[in-house]
Amino acid sequence: MPAGGSHRSDLKEIARRAMVERGLWPDFSRDALAELDRMRDPAPAPSAGLADLRKLPWVSIDNDDSRDLDQLSCSEELPKGAVRIRVAVADVDALVKDGSAVDAHARHNTTSVYTAPTIFPMLPEKLSTNLTSLNEDTDRSAVVVDMVVESDGEISSSGVARAAVRNQAKLAYDAVGAALEGKAAMPGRAGASSELAQQLRIQDAVAQKLRALRYERGALELETIEPRALFDGDRVVDLKVERKNRARELIEDFMIAANGITARFLADKGIASLRRVVRSPERWQKIVKVAAENGESLPPEPDSKALEGFLSRRRKADPLRFPDLSLVIIKLMGAGEYVVERPGQTAAGHFGLAVRDYTHSTAPNRRYPDLLTQRLLKAALAGGKPPYSAADLEPLALHCTEMEDAADKVERQVRKSAAALLLENRLGQRYDGVVTGASEKGTWVRVFAPPVEGKLVQGWEGLEVGDRLRVKLIGTDVERGFIDFVRSG
């Protein structure tokens, strides 16, 4: 691509083409846009007789640039160290009706696709960032998951209800994370309100207890590197790796808990539901071999607690290579998928999270399975007939799994193309890196700054995974996202 052009427009073109090639719709239909044009107001708050929780100290925590706010959280301290946690999820179904033209687009794509130059939202932005978003200082309808977390991290009681809520503070991961870790003051409204600041501290403490208990039960703590392109105007100027922090963990832990409660609630009601599962690894023996190559042993049968112990030790012993080891384990575990759980059936569970009951329910603006689950929840709460039978859900589960995989491939393609764009005018420059893959298919190197991976096309003889080396950049292919290195010294 010509130097001096617009990286953003080049990447948009690549992203749109990748969407189409993967069977995803980059644009909304005329019928969907016409339907959207008739929508004027947000979903009305629940009517009399349902909970009015608008005065609670709700907060949202999301990415700096997120405008599609799916969930809020708040806490209430109880006797003996227990804490009541509420998670409010946007009532998207109130405006996006099953069978509508907007729903047809969401059902086809099944997810929002996030790429560096642009977002392909599952729902039109008029909805996802406005009418169905839990925006600051707005009254909204929500589905609220309620749980009591004891001092040891166990959830002793839980429930689900519809309610009216109001976001008191829109906050961002990095700023809140820095405050919780003692590196900065509380940001925004949390800095101006002692009540909201205390809310975040209480929520953080509860999240850490939930997380610790999950790790005791064998949940896996993995770390991968997925650089995000940074723009100056329309040009890519750097790549940033988003690191975990206490705020990201807080939301992750609450969403895992809420998704488990939702799954159990539907099961208790005798309603078929979509479950999110990562099966016990069929390629466990290959994981055992990876552990052996790192001087450790794992049991002959899949054991998440043993695997997490191995991962924890490797993270401490070799933090540089841990993201690459994580990626190998993720690939060997196999991808997550959506399956149908019928009443009375035992779910496959989520191996990586070490939980049996797990669904996706907390992001209905961004994921279609969450919207399907919300419709099932609302029907159960109303005492009505479920909108989907197990037979209806079977093809939807398969389709959601397939389209999520397609979306992941689009996002990965654009990340690779953005990295190639960043480097296309740096031919001949040298970088420090580490070998991340060595097989008959080729040898791969991850350089540290900028954080990109490319193929070592010369000088790979005798290298093994984990070897550190210096490489020279000799070629890029932006369209295909290729980066080529040769060994240098």
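- Between Met186 and Leu196 there is no side-chain heavy-atom pair separated by less than 4.5 Å.
- Counting heavy atoms from C-beta outward, Leu274 and His360 have side chains that stay 4.5 Å or more apart.
- When all heavy atoms are compared, the tightest approach of Met333 to Phe351 is SD-CD2, 4.1 Å.
- For the pair Ser112 and Met122, the tightest heavy-atom approach, listed with the atom from each and the gap, is OG-N, 2.9 Å.
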Practice task
Any chance you could lay out the salt bridge (Lys or Arg N to Asp or Glu O under 4.0 Å) test for Lys209 and Asp253, step after step, and finish with the verdict?
Solution key: CA-CA 9 Å; Lys209 292 176 182 179; Asp253 293 323; over 6 Å; no
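- Between Lys244 and Glu223 there is no salt bridge, since no side-chain N of the basic residue sits under 4.0 Å from a carboxylate O of the acidic one.
- Here the closest non-hydrogen pair linking Arg264 and Asp357 is CG-OD2, 3.3 Å.
- Under 4.0 Å is where a charged nitrogen must lie from a carboxylate oxygen, and between Asp52 and Arg54 at least one such pair does.
- With sequence neighbours left out, Glu453 forms a side chain to side chain contact (heavy atoms under 4.5 Å, CB included) with Thr436, Trp444.
- For the pair Phe448 and Val434, the minimum side-chain heavy-atom distance is below 4.5 Å.
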Practice task
For Arg189 and Glu136, run salt bridge (Lys or Arg N to Asp or Glu O under 4.0 Å): C-alpha distance rounded to whole Å, both residues' side-chain angles, the deciding distance at 0.1 Å, then the answer.
Solution key: CA-CA 11 Å; Arg189 292 188 178 186; Glu136 192 176 68; 3.6 Å; yes
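- Residues satisfying the side chain to side chain contact (heavy atoms under 4.5 Å, CB included) criterion with Glu341, sequence neighbours excluded, are Ala267, Ser273, Arg275, Gln345, Ala347, Arg356.
- For Lys183, the side chain to side chain donor-acceptor pair (under 3.5 Å) criterion is met by Glu181, not counting sequence neighbours.
- Here the side chains of Glu195 and Gln198 are not in contact, with every heavy-atom distance at 4.5 Å or above.
- Relative ring orientation between His399 and His108 is described as tilted, the plane-to-plane angle lying within the 30° to 60° band.
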Handout entry: salt bridge (Lys or Arg N to Asp or Glu O under 4.0 Å) between Arg342 and Glu394, worked out
Key = CA-CA 10 Å; Arg342 290 171 167 78; Glu394 288 285 0; 2.8 Å; yes
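- Salt-bridge check for Asp146 with Arg84: passed, with a basic side-chain N closer than 4.0 Å to an acidic carboxylate O.
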Exercise for the section: Begin from the C-alpha positions of Arg162 and Asp93 and carry the test salt bridge (Lys or Arg N to Asp or Glu O under 4.0 Å) through to its verdict. Expected result: CA-CA 12 Å; Arg162 296 183 63 200; Asp93 169 67; over 6 Å; no
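- Leu213 is linked by a side chain to side chain contact (heavy atoms under 4.5 Å, CB included) to Glu154, Glu216, Arg217, counting only residues two or more places apart in sequence or in another chain.
- Side-chain contact of Asp103 with Tyr368: a donor-acceptor pair under 3.5 Å is present, judged by distance alone.
- Side-chain atoms of Asp303 and Leu298, non-hydrogen and from C-beta on, never get closer than 4.5 Å to each other.
- There is no side-chain donor-acceptor pair under 3.5 Å between Glu404 and Thr111.
- Of the residues Gln374, Arg367, Arg366, the one that meets the side chain to side chain donor-acceptor pair (under 3.5 Å) test with Asp370 is Arg367.
- For the side chain to side chain donor-acceptor pair (under 3.5 Å) condition, the pairs that include at least one residue of residues 118-127, sequence neighbours left out, are Arg67-Glu125.
- No hydrogens or angles considered: nothing links the side chains of Ser133 and Asp68 as a donor-acceptor pair under 3.5 Å.
- Between Ile61 and Leu200, the closest side-chain pair of non-hydrogen atoms falls below 4.5 Å.
- Scanning both residues, Asn167 and Trp58, for their nearest heavy atoms gives OD1-O, 3.8 Å.
- Here the closest heavy-atom approach between residue Val160 and residue Leu377 is recorded as CG1-CD2, 4.3 Å.
- Contacts of Ala175 classified as side chain to side chain contact (heavy atoms under 4.5 Å, CB included), with partners at least two apart in sequence or in another chain: Pro187.
- The nearest pair of heavy atoms linking Leu239 to Ala229 is CD2-CA, 3.7 Å.
- Between Tyr173 and Asp64, the closest side-chain pair of non-hydrogen atoms is not below 4.5 Å.
- Salt-bridge check for Asp98 with Lys378: failed, with every basic side-chain N at 4.0 Å or more from each acidic carboxylate O.
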